[in-house]
Amino acid sequence: MFDVICVPVDGSEYGYKAADVAIEIARKFSSKIAAVHVLEEFSFSSYDSEEDSGDAILAKITKKAAEYDVEVVEHLLTADALRDMKFIINQTGADLVVISALGSDNERFVSFEDTNVSDHQIGSVTERLLRNSDVPVLLVK
C-alpha cells in the first residue's frame, strides 16, 4: 500500500512521536521510511553544529526503525522548510507523509500537558503541507 513513508523530523518531542507512528505503519506495510531533516538556509548557528544536530536526529530515527527491521533513508537538506517541504517530499518518492501537528518552534511555548494548547493548533510547515501536498498526509498530534 505504501512503498515510501516520508517523515519530516525536527528533533522535537512532536517530531519523534510522528516518527514512531511512521515506523509502526512502515512495519505493518513493509515500507521504507524517508526521514527528512531540514537545515534552515539562513541560520545564526554554525553550519557544522546544525549539521551534527541533524545527523543525530536522523540517526535516532534510523536506530529506532532498525529495532523493527524497517529501512530508513536519511535526508539531511539545506532549504526553507516552509517554502520547500512539498518539493522535498515529492523528491523522496513518498506515498504517504507522516508529520507532527507542531514542531520545535512550538515546543518552546507549549507542552503536551499544557491545557492552553488547542486541539486545532498546527505549525506553519504542517499547515502549508496539508494544503499543498500531492500525497496523503497523516497528521500526528
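Under the 4.5 Å side-chain heavy-atom criterion for Ile, Leu, Val, Met, Phe, Trp and Tyr, Ile99 and Leu138 are members of distinct hydrophobic clusters. Side-chain heavy atoms closer than 4.5 Å link hydrophobic residues (I, L, V, M, F, W, Y) into clusters, and following such links, even through other members, never connects Val135 to Met1. Under the 4.5 Å side-chain heavy-atom criterion for Ile, Leu, Val, Met, Phe, Trp and Tyr, Leu129 and Leu77 are members of the same hydrophobic cluster. One hydrophobic cluster, built from ILVMFWY side chains closer than 4.5 Å, holds both Leu82 and Leu139. With hydrophobic clusters built from ILVMFWY side chains whose heavy atoms lie under 4.5 angstrom apart, Val70 does not share a cluster with Val21.
The minimum heavy-atom distance linking Val72 with Ala35 is given by the pair CG1-CB, 3.9 Å. Among all heavy-atom pairs drawn from His37 and Gly54, the shortest one is CD2-CA, 3.4 Å.
For Ala81, the side chain to side chain contact (heavy atoms under 4.5 Å, CB included) criterion is met by Val38, Glu40, Met85, Val125, not counting sequence neighbours. Asn132 meets the side chain to side chain contact (heavy atoms under 4.5 Å, CB included) test with Lys86, Arg128; sequence neighbours excluded.
Taken from CD1 in Ile122 to OG in Ser100, the straight-line distance is 10.5 Å, to the nearest 0.5 Å. With rounding to the nearest 0.5 angstrom, the CZ atom of Phe29 is 9.0 Å from the CG atom of Leu96. Atoms CG and CG, from Asn90 and Asp134 in turn, are 4.5 Å apart once rounded to the nearest 0.5 Å. In this structure, CD1 on Ile61 lies 8.0 Å from CD1 on Ile33, to the nearest 0.5 angstrom. Here the straight-line distance linking atom CG of Leu76 with atom CG of Leu39 works out to 4.5 Å at 0.5 Å rounding. Here Asp95 contributes atom CG and Ile5 contributes atom CD1; the two are 8.0 Å apart, rounded to the nearest 0.5 Å.
With Val36 as reference, Ile88 is the one residue of Val73, Ile88, Val97, Ile89 to meet the side chain to side chain contact (heavy atoms under 4.5 Å, CB included) rule.
Listed for the Ser31 side chain is a donor-acceptor partner under 3.5 Å among the backbone atoms of Phe2. Under the 3.5 Å distance criterion, the side-chain polar atoms of Lys141 are left unmatched by any main-chain donor or acceptor of Ala101.
Under the 4.5 Å side-chain criterion, counting only non-hydrogen atoms from C-beta, Leu58 is in contact with Val9. The shortest side-chain heavy-atom distance between Tyr14 and Val140 does not fall under the 4.5 Å cut-off.
Counting only residues at least two apart or on different chains, the salt bridge (charged side-chain N to carboxylate O under 4.0 Å, His left out) pairs with a member in residues 56-69 are Asp20-Lys64.
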